[in-house]
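Read the structure below first, then the notes.
These values consider heavy atoms only, across backbone and side chains, with no hydrogens, waters or symmetry-generated copies. Letters go in sequence order (proteins before strands), and every chain restarts at 1.
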Amino acid sequence: MDWFVVTSALALAAMYGLLGIGISLTWSSIGMLNLAHGFTFAAAGYGAWWASKNLMSAPTSGTDALIVALAGILTGVVGGLVVGLVAFLPLHDRPNFPIRSLIATLAISLAGTQIFLLTFGPLNKPLPKIFDPVGKALDMRKFEIGPIEMTWDRAGSIVAATLLCVLVLVWVRMSRRGIQMRAMMQNPEGAALVGVSVRSTGMMVMGICGGMAGLAAVLLSSTFFVNPAAGVQPLAKGLVIALLGGLGSVPGAVIAAILVGFTEALTAKYFGTTTTLFAQYVLVFLVLAVRPRGIGGLLDEVRA
Amino acid sequence: MSSAEQVARERERQALVGRRRLLPRVPARADRTLHRRRWPLSKTTVLHLGGRYNPKTLGRERLITEKAPLWWFTFLSLALVVPLLAGTDKMLTIASTFAIYASINLMWMLVMGTAGIFSLASLAITGIGAYATCWLTINADLPWPLMFPVGAVVGLFVGVIIAIPARRMDGMYYALLTLGIAEVCRAYALQAKWIGAQSQGSLSGGGGFIPEDIRFTQTGQRIGYAAAFVLLLAALAVYRAVNGQRLGLLLRASQKEDEAVSESMGIDFQRARLAVFLISSAGLGVIGAFYAGYFRAASLSLFGVDLLLLLFAMIVIGGLGRAEGAVIGTLLVTIVDRYFVDFGAKRFLFIGLLMLASVLFTRGGAFGLRDQWRELRARRRSQRRAARTSRHGAVSPEEAPEIADKAQIYQRRFDHNQRAHLKSLITDDLIAEHRRNPTGLHSEELERVMLYFRKAELAGKYCVYAVKPFAKYRIVALSGLPGVPPRVVDDRVYPTVDEAYHAVFLRRVNDLRSS
């Protein structure tokens with residue numbers, strides 16, 4: 001067993017899972033396929049980059065890393081709220097909302113990419129590896145658990161992403177707001193009738209999903225770079241995971257994220273990075289051929 | 001009455017009459033009143049005509065009740081003539097691109113609008129058609145006229161394969177799958193040996209219908225544009241034949257929520273959907289063949305997301321579900337994209353904002369704007385009408401149908417307008433003139449006002465009653481009924497008859513003003 005492949009697959013799965021669950025939650029609670037998730041992702045990347053440039057001299061200590069991560073998440077939340085403000089609030093009570101909001105979010109991502117291009121230029125912006133300071137503080141660059149050799153960066157990504165996912169899921173199950181959200185998932189009209197505000201709950205969902213995209217951006221951008229089109233690939237991955245998992249099903253999205261992560265890591269290792277997208281779509285064909293509504297496929301009636 | 005008020009009243013009158021007077025009309029022969037020109041091989045009339053006799057000339061004439069064909073004719077003839085006559089090289093290229101993109105969009109609109117399948121593979125089918133025909137012209141010496149049937153067969157074949165999962169999957173899942181197909185095609189074209197890896201996945205040097213030696217001259221470009229225009233016409237004809245005829249009607253009867261109903265009525269909507277999908281796929285294959293024949297190449301951009309997004313933006317901006325929308329949207333976006341190349345990235349920002357605006361503010365894209373504006377105007381107008389509680393004696397449009405004698409309606413409207421006019425005549429000078437001289441010669445204004453007062457109906461009309469001639473006069477109001485005495489209006493007593501006349505005048509002025 002090649003543990004390197006496993007750990008890199010898990011790290012990828014964790015980050016893609018954040019994106020996929022965000023898209024899935026948005027769809028199931030407010031009925032909007034958020035194609036502007038990539039825009040939020042790129043915005044968060046730029047936010048983190050700005051923080052790493054302006055709020056500290058050099059990324060050395062743990063607090064600095066925390067600042068960068070928080071800046072990314074906050075920008076993500078703001079990005080999500082902006083998308084909600086433009087594509088959800090004015091449209092949610094109009095006829096044909098799913099298609100309209102899909103077009104609106106697509107337009108946001110199209111315009112957003114150009115705005116980033118005009119504001120920040122086409123060059124790649126590097127982000128600091130935010131979990132490195134931990135390793136430096138402990139004075140070892142890698143650590144080992146049994147036969148598995150891990151870098152701090154990878155371990156940190158997996159842990160942070162899983163932690164945020166679990167936190168959000170627990171919050172969705174336990175808190176009052178979470179219950180409101182689940183009520184909206186089951187029946188938006190019924191929820192509105194018993195006094196759940198569709199608008200405020202929807203905006204809250206947008207904010208939370210934006211925050212998840214923000215964390216994913218901080219984690220991914222330290223390996224890759226931030227550029228105007230940085231959101232496109234993660235959006236494609238997130239969409240694939242959300243749809244493979246079955247829109248609206250969080251466990252399905254987790255399984256799909258692990259599947260996609262492994263496919264990507266394995267194809268990258270054995271066939272080269274150019275074939276990853278190809279392999280991923282082959283996976284989509286196979287899964288959708290067996291289960292046309294994705295792995296966790298919900299029934300028609302849940303979300304028409 | 002002010003002139004603004006007059007204009008407003010005139011507008012209202014026109015709105016009452018309806019829009020019929022705005023319809024264009026053509027002369028007609030009285031002996032062939034029922035004759036209609038029809039499209040060959042169909043029962044559809046070329047123009048929707050309504051016959052009538054002109055009330056003024058009493059001649060027979062026909063109103064064109066549906067103006068869309070006229071607009072189409074004007075637009076298409078302009079689109080043909082302007083680039084061909086006045087065209088620079090740049091304009092001809094843009095126009096050809098427009099025609100090709102518009103044809104793709106029309107076929108795509110058949111799938112998304114008419115069949116209701118959210119497929120993103122349309123561009124990929126075009127690409128496959130282009131690659132296949134281009135490769136055949138290079139390697140099998142396929143003559144160019146045969147490219148089109150071959151393209152149709154290839155498109156149909158690909159359509160059959162893609163359509164298989166469409167029955168089971170819905171909406172977004174199918175969209176993702178079809179997006180995946182485009183991506184797989186792109187990845188395959190990049191690596192396939194028969195395409196040639198050295199050319200970055202694109203084929204070039206194929207056969208084409210513009211002769212090679214004049215291809216880059218003005219004449220060649222003109223031939224290319226004329227051909228592209230014919231392609232656009234053909235796409236419009238196919239769209240019309242599918243969407244407007246039997247298949248389109250069947251599918252319109254089975255929209256999303258009515259599927260069970262339509263199925264119970266015996267409409268096999270799955271089959272109709274499949275038929276539309278296959279027809280459009282064959283059409284897209286032909287367009288792919290045209291693309292290959294026009295550029296003598298097939299490039300990877302046909303499988304790219306960028307071009308797909310651009311085409312989607314065209315459809316959305318123009319208005320989903322209408323042929324006009326597809327064409328207008330394509331025209332707008334192609335001009336922004338190709339004509340303003342100097343603006344660089346900003347033009348995509350502009351396209352994105354246009355898309356956003358069309359979703360946020362319009363109901364049916366740019367093409368629905370006119371209807372939306374008219375509806376808004378009608379609503380405003382009716383709100384204004386409803387807000388006006390009293391119409392000062394004139395008949396309101398709601399009341400009008402209940403009055404049998406239509407002359408009354410006009411009489412009351414005339415009375416209403418006359419009173420409004422007389423009110424504007426009454427000034428302090430006029431009243432002073434009457435006080436000086438209640439009888440005898442008057443100025444024209446005063447005479448008009450008094451004439452109006454005199455012809456008032458008998459019931460309630462004020463009179464002067466001589467309690468004691470030359471000494472005591474009072475004002476009474478007639479009952480208007482035989483045998484019923486007049487009532488005394490107030491207890492004021494006037495010493496002379498002139499003063500009593502003036503008091504009557506003042507009362508009437510007061511009544512007029514308060515009406």
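Contacts of B:Phe312 with chain A are made by side-chain atoms alone, with heavy-atom separations under 4.5 Å and no backbone atom involved. Contacts between B:Phe118 and chain A at a heavy-atom distance below 4.5 Å involve the side chain alone, from C-beta outward. Using a 4.5 Å cut-off between heavy atoms, A:Val282 does not touch chain B at all. Of the two parts of B:Arg186, neither the backbone nor the side chain holds a non-hydrogen atom closer than 4.5 Å to a non-hydrogen atom of chain A. Residue A:Leu244: no heavy atom, backbone or side chain, is found under 4.5 Å from chain B. For chain B, no part of A:Val232 is nearby; none of its heavy atoms comes within less than 4.5 Å. Of the atoms belonging to B:Leu356, heavy atoms from both backbone and side chain fall under 4.5 Å from chain A.
Formation of a donor-acceptor pair under 3.5 Å by the B:Thr114 side chain with backbone atoms of B:Val111 is not found in this model. Of the possible donor and acceptor atoms, one in the side chain of B:Arg252 sits under 3.5 Å from a partner among the backbone N and O of B:Asn243. Judged by distance alone, the side chain of A:Ser101 and the main-chain N or O of A:Pro98 form a donor-acceptor pair under 3.5 Å. At least one donor-acceptor pair closer than 3.5 Å links the side chain of A:Arg94 to the backbone N or O of B:Leu360. In this structure a side-chain-to-backbone donor-acceptor pair under 3.5 Å is present from B:Trp108 to B:Ser119.
Residues A:Phe88 and A:Arg199 share a closest heavy-atom pair of CE2-O, 3.8 Å. Scanning both residues, A:Thr267 and A:Ala279, for their nearest heavy atoms gives CG2-CB, 3.3 Å.
Between B:Tyr131 and B:Tyr188, the gap from one ring centroid to the other reaches at least 6.0 Å.
Applying a 4.5 Å heavy-atom cutoff, the residues of residues 114-122 of chain A that approach chain B are A:Gln114, A:Ile115, A:Leu117, A:Leu118. Contact annotation for residues 177-185 of chain B against chain A (heavy-atom separation below 4.5 Å, listed by residue number): B:Leu177, B:Leu179, B:Gly180, B:Ile181, B:Glu183, B:Val184.
Contact annotation: the side chain of B:Tyr174 approaches that of B:Ile117 to within less than 4.5 Å [non-hydrogen atoms, C-beta and beyond]. In this structure, the side chains of B:Leu376 and B:Arg379 come closer than 4.5 Å at one or more pairs of heavy atoms.
Highest contact tally toward chain B, considering only A:Ala107, A:Ala236, A:Ala104, is held by A:Ala107 [criterion: heavy-atom pairs under 4.5 Å].
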Audit row: B:Asn105, B:Thr330, side chain to side chain donor-acceptor pair (under 3.5 Å) steps and yes/no: CA-CA 8 Å; B:Asn105 280 341; B:Thr330 312; 2.9 Å; yes
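Considering only residues two or more places apart in sequence or on other chains, B:Phe340 meets the ring-ring contact (aromatic ring centres under 6.0 Å, His included) condition with B:Phe343. The side chain to side chain contact (heavy atoms under 4.5 Å, CB included) search around A:Ile23 returns A:Leu33, A:His37, A:Leu235, A:Leu239, A:Ala242, not counting sequence neighbours.
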